[in-house]
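Before any comments, here is the structure.
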There are 2 protein chains.
Amino acid sequence: MDIQGLPGRLLAELGPAIASGELPEGAVLRIEELEARFGVSRTVVRDAVRVLESMRLVESRRRVGITVQPKSGWDVFDPLVIRWRLAGSDRAAQLRSLGSLRAAVEPAAAALAARHASPDHCRELSALAVELTVTARAADLTAFLRHDIAFHATVLRASGNEMFAHLGETVGAVLTGRTEHDLMPHQPEPYAVQLHREVAEAICAADPGHAERAMRTIVLGALEELDATLGHPADHGAPKRSGLA
Amino acid sequence: MDIQGLPGRLLAELGPAIASGELPEGAVLRIEELEARFGVSRTVVRDAVRVLESMRLVESRRRVGITVQPKSGWDVFDPLVIRWRLAGSDRAAQLRSLGSLRAAVEPAAAALAARHASPDHCRELSALAVELTVTARAADLTAFLRHDIAFHATVLRASGNEMFAHLGETVGAVLTGRTEHDLMPHQPEPYAVQLHREVAEAICAADPGHAERAMRTIVLGALEELDATLGHPADHGAPKRSGLA
DNA sequence: TCAACCCAAAGGTATGACCTATTCAAGCCA
DNA sequence: TGGCTTGAATAGGTCATACCTTTGGGTTGA
């Protein structure tokens with residue numbers, strides 16, 4: 001996605017290094033050093049640094065160099081930062097943060113979708129719900145994941161809120177990461193699949209309350225699962241049966 | 001914040017121009033043209049363009065130039081993009097999006113805060129609640145706003161979720177914008193102030209349910225108020241008394 | 001001891017040249 | 001005639017270098 005161009009090469013190297021803590025807070029880089037290390041000109045280095053700076057990952061100051069900023073300043077919503085953190089040692093913390101975010105946003109998105117969804121969205125959701133059912137029964141995890149991602153993205157898009165819609169990509173990254181690492185059950189839980197169907201139906205039936213509740217159950221289930229696999233079990237409120245998002 | 005340096009000057013000019021639609025989707029800029037227009041070198045132009053590109057506001061292609069991208073691609077969570085949109089003609093849409101986001105996130109944050117808040121956070125919230133009460137009674141809108149922003153930011157921070165915490169700045173921008181434009185009542189509503197007190201108390205008492213409900217009332221009230229001032233009245237679910245966030 | 005001052009280090013900006021991917025169109029082959 | 005190939009013009013991408021400006025820190029003098 002951003003591996004195009006020489007600055008992209010630097011970004012692909014420096015971003016993950018910073019996000020993973022390999023380059024810790026306070027670490028200092030110098031333009032000259034990066035020029036030599038990557039065999040590129042100052043122009044390219046500046047380009048890359050400028051982008052890192054716009055994400056608040058580093059700060060460039062005269063007479064000092066390029067300093068890695070404290071984690072608390074990161075632009076945590078930047079898609080690249082999210083991806084880099086998911087790929088590195090911050091993975092667990094990032095997943096937990098995203099989990100809470102999903103738990104907050106997706107139910108609200110489902111409720112909004114139940115009010116604003118177009119017939120097209122509705123058709124799409126219904127079709128995806130069917131696909132989920134089928135691929136789950138067939139234990140085709142790859143296809144299931146693909147449709148799961150599409151389902152959640154569609155709900156977010158159908159909410160009519162541009163900010164929610166943009167979380168679709170991020171949620172996709174989370175779901176992908178989950179099947180990759182936290183080994184999923186060989187067959188998605190039937191209850192979770194049914195919840196997805198309920199969400200789709202409620203949205204098509206313009207029933208915000210039901211859509212919201214079903215989605216909340218899904219996403220809280222995912223949160224619990226997350227805490228289980230990541231170890232640290234913090235309570236999140238309403239106890240529910242383990243679901244699958 | 002980013003008015004430092006020559007690239008910052010370009011950003012401060014081009015960003016708002018794009019965000020407000022003054023430079024519509026598909027508009028093409030050329031480096032050479034920008035060099036002349038701002039009297040800067042290619043280096044500076046490239047720097048600025050690179051940043052706009054990382055926000056997905058523009059795309060730079062050879063033989064074509066720098067093309068303004070469709071709004072659907074904007075990195076809507078970027079703080080600068082948010083600020084630029086709030087300042088321009090997209091103001092209403094941006095406020096509505098942010099309103100829904102707040103409605104989703106802040107109650108969840110309050111609930112989390114009730115679980116994880118440190119004694120320091122608790123003290124801070126209590127103090128801010130007092131300040132809100134006092135300044136509201138004194139009808140000191142400026143001070144009230146300042147404390148209101150601090151209150152919400154503190155709740156978000158106390159949630160222990162880094163992503164929530166980062167929304168504090170954005171929420172602040174929304175609240176500021178509200179008092180600036182949608183003329184607020186000369187004296188903040190007493191009921192809203194009380195709700196803030198309840199949130200603080202519930203968080204300090206480690207009562208997630210109460211904290212979440214009170215915060216939801218606040219933020220839904222704000223949403224209703226928003227719809228009222230912005231015209232388009234979409235229903236958001238649970239009917240509540242008009243609050244004030 | 002502390003202040004003002006000066007110098008060197010490192011990023012910021014300016015140029016100008018050259019490379020390269022793209023597009024559009026002219027021209028060729030079926 | 002129509003589609004494909006090819007070639008040149010265009011505009012961004014990269015490079016190398018020189019010079020400016022800020023700033024941290026050491027030095028000097030009161």
Side-chain angles (χ1 to χ4, degrees), chain A residues 1-15 17-18 22-70 73-75 80, chain B residues 1-15 17-18 22-70 73-75 80:
Chain A
M1 181 219 259
D2 67 299
I3 320 176
Q4 50 185 355
L6 298 201
R9 289 237 333 276
L10 296 221
L11 281 179
E13 182 95 5
L14 295 177
I18 296 174
E22 190 182 321
L23 284 172
E25 169 184 349
V28 175
L29 302 168
R30 273 166 307 130
I31 289 186
E32 198 182 330
E33 166 198 334
L34 294 174
E35 281 184 58
R37 177 165 152 207
F38 291 96
V40 295
S41 75
R42 191 187 185 114
T43 313
V44 171
V45 174
R46 266 195 62 74
D47 248 34
V49 168
R50 192 59 161 153
V51 173
L52 292 176
E53 219 175 348
S54 82
M55 301 169 174
R56 308 266 196 277
L57 290 188
V58 303
E59 196 190 43
S60 177
R61 293 179 59 190
R62 298 185 182 207
R63 169 74 198 203
V64 172
I66 296 143
T67 317
V68 176
Q69 294 299 104
W74 289 181
D75 187 353
L80 282 178
Chain B
M1 180 217 262
D2 68 298
I3 320 175
Q4 50 185 356
L6 298 201
R9 288 238 333 276
L10 295 221
L11 281 179
E13 182 95 6
L14 295 177
I18 296 173
E22 189 181 321
L23 284 172
E25 169 183 348
V28 175
L29 302 169
R30 275 167 306 131
I31 289 186
E32 198 182 331
E33 167 197 334
L34 295 174
E35 280 184 59
R37 176 164 152 208
F38 291 96
V40 295
S41 74
R42 190 186 184 112
T43 315
V44 170
V45 174
R46 267 195 62 74
D47 247 35
V49 168
R50 193 57 162 156
V51 174
L52 292 175
E53 219 175 347
S54 83
M55 302 171 176
R56 306 264 195 278
L57 291 187
V58 304
E59 195 190 44
S60 177
R61 294 179 57 192
R62 298 186 180 207
R63 169 74 198 203
V64 172
I66 296 142
T67 317
V68 175
Q69 294 299 105
W74 289 182
D75 186 354
L80 282 178

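Every chain is numbered from 1, with letters handed out A, B, ... down the list of sequences.
- When the C1' atoms of four end pairs are superposed on the next four at each end of the helix from C/dT1-D/dA30 to C/dA30-D/dT1, using five pairs per end, the two resulting axes differ in direction by 10°, to 10°.
- Separation of atoms CG (A/Leu14) and CG (A/Leu57) is listed at 10.0 Å; rounding is to 0.5 Å.
- A 4.5 Å side-chain heavy-atom check between B/Gln69 and B/Arg56 finds every atom pair outside the cut-off.
- Contact of the A/Ile18 side chain with the A/Trp74 side chain is registered, since non-hydrogen atoms from C-beta on lie closer than 4.5 Å.
- For the atom pair CZ (B/Arg61) and CD1 (B/Ile66), the distance works out to 13.0 Å, reported to the nearest 0.5 Å.
- Heavy-atom contacts from other residues, nucleotides or ligands closer than 6.0 Å to CD of A/Glu33 number more than 12.
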Please list, one pair per line, the donor and acceptor atoms closer than 3.5 Å that link side chains of residues 46-53 of chain B to other protein atoms, with sequence neighbours excluded.
| from | atom 1 | to | atom 2 | distance (Å) |
| --- | --- | --- | --- | --- |
| B/Arg46 | NH2 | A/Asp47 | OD2 | 2.5 |
| B/Asp47 | OD2 | A/Arg46 | NH2 | 2.5 |
| B/Asp47 | OD2 | A/Arg50 | NE | 3.3 |
| B/Arg50 | NE | A/Asp47 | OD2 | 3.4 |
| B/Glu53 | OE2 | B/Ser60 | N | 3.4 |

In 5'-to-3' order, the base (B), backbone-only (S) or no-contact (-) status of each nucleotide in nucleotides 11-24 of chain D, using a 4.0 angstrom heavy-atom cut-off, is SBBBB-----BBBB
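- Evaluation of the salt bridge (Lys or Arg N to Asp or Glu O under 4.0 Å) rule for B/Arg9 yields no partner, not counting sequence neighbours.
- Taking 4.5 Å as the limit, some side-chain heavy atom of A/Leu23 sits within range of a side-chain heavy atom of A/Leu29.
- In this structure, CE on B/Met55 lies 8.0 Å from CG on B/Asp75, to the nearest 0.5 angstrom.
- Protein chain A contacts DNA chain C over a range whose 5' and 3' limits, counting nucleotides with an atom under 4.0 angstrom from a non-hydrogen atom, are C/dA8 to C/dT13.
- Residues satisfying the side chain to side chain contact (heavy atoms under 4.5 Å, CB included) test with B/Glu35, not counting sequence neighbours, are B/Ile31, B/Arg42, B/Val45.
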